[in-house]
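The structure under discussion appears below in the form of structure tokens.
In what follows, chains carry the letters A, B, and so on, assigned in the order in which the sequence lines appear, proteins first and then strands, with residues in each chain numbered from 1.
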Amino acid sequence: MARTIVTSALLYANGPLHFGHIAGAYLPADVYVRTLRMCGEDVLAVSGSDDHGVAITISAEKAGEDYASYVARWNGNMRATFDALDIRYDVVSGTSTCPEHADSSREFFSRLLENGYLAERQTKQLFCVHDDMFLADRYVEGTCYKCGADGARGDECPSCGTWIDPLEFKDPRCKICGSTPEQRTTTHWYLDLPKLRDEKIGAWIRDHEWKANVEKFIENLLEDVPERAITRDMSWGVSLPPEVGDAGEGKVLYVWFDAPIGYVSFTKELMRERGTPEAWKDWWQGEDTQLVHFIGKDNIPFHCLVFPSMLHGVKDGYVLPSAVPANEFYNLKGGKFSTSGGNAFDVVEFAKEWDVDTTRFYLCSTMPETADSEFSLEQFVQTANTSLAGTIGNLATRVLKFIAKNFDAVIPTLHDPHREEMDRLILEECGPIEDPAAHVREFRFRRAAEAVVANATVANIFVDRMAPWALRKEDPEKAASALNTLCEWLSWQARWMAPFMPTKAQQLWEMLGKTDEVASQPWPGLPQAGTWRGLDAGAALGTPEALFPRVQLPESEA
RNA sequence: GGCGAGGUAGCUCAGUCGGUUAGAGCACUGGCUUCAUAAGCCAGGGGUCGCGGGUUCAAGUCCCGCCCUCGCUACCA
């Protein structure tokens, strides 16, 4: 059977998750995984934190924490956020804590070196005598030699945008101690992306089908691919393999090189814990494995070019990504979500206050799939009240409470003479029925969410046409048949909802008298006349309760 | 500076290969219904598709120019 590895962008362990992250890479992955699993497919869901890199060491130093505990704190925050939103992975690890990660990364390095895709080069770099370290990129500041602005960073001048070569600074300063660094020679290894592109990856990329928003980005990327240094002079990170000798002393792999390897390392970690340490190969080196990377658009170069190049370059039979459903950005009040900039709110608190499934649903229905999109609390409240409480929730209560009052709280009987009419009416004449999973497979989560609501509308129309409150008096048997049909429909509704709103789906499932897990049911797909019914008449129903409470916009936001 | 994205109804967004009176949801208006969470159903109003040119029998959809917003520029989904 086909296997699918689903990864969500490794989160940079440098701050809390906000809705942009959730809507961009984590929630869609979770919905995708849940859907595929109900469809009976074998899925592995992987995520974790990206713990290395200069930005983290600087932030940790500023916070007065050691690197390991700083990173552990944000990794913990990430897990708590996933829990709060019911986002589940098979493994959530971290590049600095996963026991397999360092060896995994070094093995990639070694194999790439062996296969001739790494070049060793000597370069000059600024060294701070006071702090006894080479100063990577942003550890250096100076006066921009182009526009004269002070405070240019070692990689770019924020005033004029010039790419800075820190060696050209007339007044370089160490960002840590402020002293003047000196130039020293150092050795680094470069990943030969141009060679990889020309050999195979370029063709693979061109032949691959990408989302429209990814396609344009990549075209450009391919034209001008530089070699990239994949090592750094610093201590926080994965040290180099022994075969590079003394030249590798005091150096680590550059963060973007080791980060995506985390997907592989974390899989190894998981399989070891499961007692099948070799099983990771079945996934990563299996012929019919689909590899799907959920990321935000900022990560496109790595997941569409760099990481595939690495996977190819080691020549160990790794699969290449089959899809990279990169989302655009999710905005708040016209600007990007930013925890440091104050344009955000606490995700865990939000989900607690407004309900997890309602939050999941709203994020799905506004996800930035094709273009940047906007989060709005006002629309959140409207969606909660109209689509969820009004259309879906009220459908359940109007049907089930009516049955509780008038039909002994058991599933009413479908009388055979009515079967054909009922099936025709609800399956054909009350509007189009859509299969949410079909949209999910195309990474159209908005449409999928809309489809769940649209399908509930079909049943609401059916209720109005049948008017069971009148039919009960005129033709009680037909009323029973209609209500039986509606119970069937609700059981489909619960399954359609499950990947998006797991808790509410389960509640609805139990209201129908079910005692097992709705998430363990096979995916229902589209109902077909003659085969779509599966309930037993006379079976006891559960207690009908309002699925979704109506909510109100706080006055402060109105 | 370079690159990219977007500018379509009051709001949030769809619009596949250019092709009949430009779509959806929400909001708004009117009607129906009363089973239900003042929920549901039906109908309706509302847009010179950023601006100006061009190609075409035909352009929101292709080409050129301009204006505006935003993002990225290789570690912030």
Check every strand shown and say whether Leu395(A) touches a base, only sugar-phosphate, or nothing at a heavy-atom separation below 4.0 Å.
nothing
So, does Arg446(A) get its side chain near the phosphate of C13(B), meaning an N or O under 4.0 Å from OP1 or OP2?
no
Report yes if the distance between the aromatic ring centroids of Phe302(A) and Trp256(A) is under 6.0 Å, otherwise no.
yes
Ring centers of Tyr362(A), Phe375(A) separated by less than 6.0 Å
yes
For Thr457(A), answer base if it contacts any base atom (sugar-phosphate contacts may also be present), sugar-phosphate if it contacts only those atoms, and nothing otherwise; contact means non-hydrogen atoms under 4.0 Å.
sugar-phosphate
Arg398(A) and Asp464(A) ion-paired at < 4.0 Å
yes
Please classify the nucleic acid contact of Asp372(A) as base, sugar-phosphate, or nothing, using heavy-atom distances under 4.0 Å.
sugar-phosphate
Scan Asn14(A) against the nucleic acid and name what it touches under 4.0 Å (heavy atoms): base, sugar-phosphate only, or nothing.
nothing
Mind checking if Gly20(A) touches a base, just sugar-phosphate, or nothing, with heavy atoms under 4.0 Å?
base
With ring centroids as reference points, do Tyr330(A) and Phe19(A) lie under 6.0 angstrom apart?
no
How is Arg465(A) classified with respect to the nucleic acid when contacts are heavy atoms under 4.0 Å: base, sugar-phosphate, or nothing?
nothing
Closest listed nucleotide, where the reference is the side chain of Lys405(A) and the choices are C41(B), U12(B), C35(B):
C35(B)
Reckon Asn460(A) touches a base, only the sugar-phosphate, or nothing at all at heavy-atom distances under 4.0 Å?
sugar-phosphate
Would you indicate what Ser373(A) reaches in the nucleic acid, counting non-hydrogen atoms under 4.0 angstrom: base, sugar-phosphate, or nothing?
sugar-phosphate
At 4.0 Å (heavy atoms only), tell me whether Gln379(A) reaches a base, stays on the sugar-phosphate, or touches nothing.
base
Nearest-angstrom distance from the residue atom CH2 of Trp469(A) to P of A39(B):
16 Å
Of the nucleotides C75(B), C41(B), C70(B), which has the atom closest to the Ile461(A) side chain?
C41(B)
Aromatic stack Phe402(A)/C35(B): centroid gap under 5.5 Å, interplanar angle under 30°
no
Kindly compute the distance separating SG (Cys304(A)) from CG (Asn299(A)), expressed to the nearest 0.5 Å.
9.5 Å
Which part of the nucleic acid does Thr397(A) contact within heavy-atom distance under 4.0 Å: base, sugar-phosphate only, or nothing?
base
Taking only the C1' atom of each, what is the distance from U29(B) to C35(B) in whole angstrom?
26 Å
